[in-house]
Amino acid sequence: MNQKNDNTPNAMWGGHYSTAPDSIMQRINCSVDVDHVLYAHDIAGSIAHVTMLGDVGIISKEEANQIRDALPKIAQEIADGQMVWNPALEDIHMHVEMRLKELIGEVAGKLHTARSRNDQVVTDLRLYVMEAMEHVVGCITSLQRSLCNRAEEYAETIMAGCTHFQPAQPVTLGHHLMAYVEMLERDKGRMRDARRRMAQCPLGAAALAGTSFPIDRHQTAKLLGFLEPTHNSLDSVASRDFVVEASSSIAMCAVHLSRFAEELVMWSSPLLGWIHLPEQFTTGSSIMPQKRNPDAAELIRAKTGRCMGHVVHLLTLLKGTPLAYNKDLQEDKEPIFDAIASLDLCLSAMRGMVDSFGIHAEKMEQAARAGHSTATDLADWLVRTLRIPFREAHHITGRVVVQAEQRGCALWELPLAVMQTVDARITQDALQVLDVRSSVASRTSYGGTSPRMVRAAIVRAREVYGLEE
Ligand code: ARG
């Protein structure tokens, strides 16, 4: 960023000051290196405000037009990297106003009638976060589409379903991928929900108490695309729960990505060898030529920690601040900006991996057979066929498992005669259910893992969650 040093007393608020701030004061107070990203929203807010000022006659139409015509030029200058950033001007709001004065002279000072930086900054931030939420929801939708496509491809691919990371029951890879589609849909719900609550315009709350000018807050709210104005001026400038809500919905989504990232790390390790990640999303080692490290997945895990930290940061920022505005609130931007940027990147990286990972179906299925994963199927068979209580069937099956363990073989490799030493009522028929494929195919309950149910879940998700391409 272009920065020039300026030692003159502050031009915006230095009326009763005789000296410039200490250089350390300037450093601790200056936020423009962070909040300059709000420039477009700040200028949009000013355009709405000045339009309203002109419409209700607080300033003349000519003055309003003069200011309104110059503001887009400033936005363009900033976009083109032409703004000279001056730490003495503290923040984006003062930079825009100062530049306006350079362009059109003293009339620029009328823009700040009936508003304050306190309502201005929170209006900018609401607009920014609302837009970011919309963008992130779009990125999540793209990831869900990719997950559905891969789930369709692997609707019949057997993999080990785990609890406690112990083989539990066989499932399909398609089913596993669709679990994340559901989690992500709830994340989108939380973001949309937060966004809806955010859609109230604080502009016109002024410093904290409202204003004596006959402003039309409904008009500015409407011009900026908010649903309505906020209803209490103190709350308007003091509250940042919208930032907390946004960042916590981001953290939740990041946690979901992190869990999946952890699975990709494990699945792609040669120790499991279920999948391979493409070269584009892995890195090699400078010393071990054989390595293919899942760095993107690991970094998703790591960036999730940042997103979680930002929620704590924001809550801590608020917990000891009395009403209304406190300068503490200036520090709300870095965490939310970083949370948004981190999640955005994580979503793209995850999508890249989801679109391109390859599988080793044999190894996956082999792992699904491990650990007597179809023992529950035998217990269920006993319940269905012998009409005995599940608890008793569980006990019998447990003893059959012991027989298999003693022989070091899989359940389905046990001779029928051995099973019958445990319970004579077990017949040849029972052996059918021990196969992982028939196990998976039998899980046809709603939301279950059978390929048929997985395909139905994909169709439903595409339709209900609006994932059709
Ligand atoms: N840069 C400030 C912030 O981000 C703007 C509001 C300043 N208000 C004040 N009373 N100093 O919060």
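In listed order, ligands and their atoms are each counted from 1. Everything quoted here is computed from the prediction, not taken from an experiment.
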List in chain and number order the residues that pass side chain to side chain donor-acceptor pair (under 3.5 Å) with Y465, two or more places apart in sequence or in another chain; answer none if no residue qualifies. E182, R460

Between K188 and T141, is there a side-chain donor-acceptor contact under 3.5 Å, judged purely by atom types and distance? yes

So what's ligand 1 close to, N/O to N/O, under 3.5 Å?
| unit_1 | atom_1 | unit_2 | atom_2 | d |
| --- | --- | --- | --- | --- |
| ligand 1 | 1 (N) | D91 | OD2 | 2.8 |
| ligand 1 | 1 (N) | Q330 | OE1 | 2.7 |
| ligand 1 | 4 (O) | K333 | NZ | 2.6 |
| ligand 1 | 8 (N) | N118 | OD1 | 2.8 |
| ligand 1 | 10 (N) | N118 | OD1 | 3.1 |
| ligand 1 | 12 (O) | Y325 | OH | 2.4 |

Mind jotting down which residue pairs meet the side chain to side chain donor-acceptor pair (under 3.5 Å) criterion with at least one end in residues 341-355? Sequence neighbours excluded, please. H135-D344, S146-R351, S146-D355, D338-S342

Just jot down the side chain to side chain contact (heavy atoms under 4.5 Å, CB included) partners of E134, sequence neighbours excluded, or say none. R195

So H176 and W267, would you call those rings parallel, tilted or perpendicular, with 30° and 60° as cut-offs? perpendicular

Ion pair check, E77 and R99, cut-off under 4.0 Å: yes

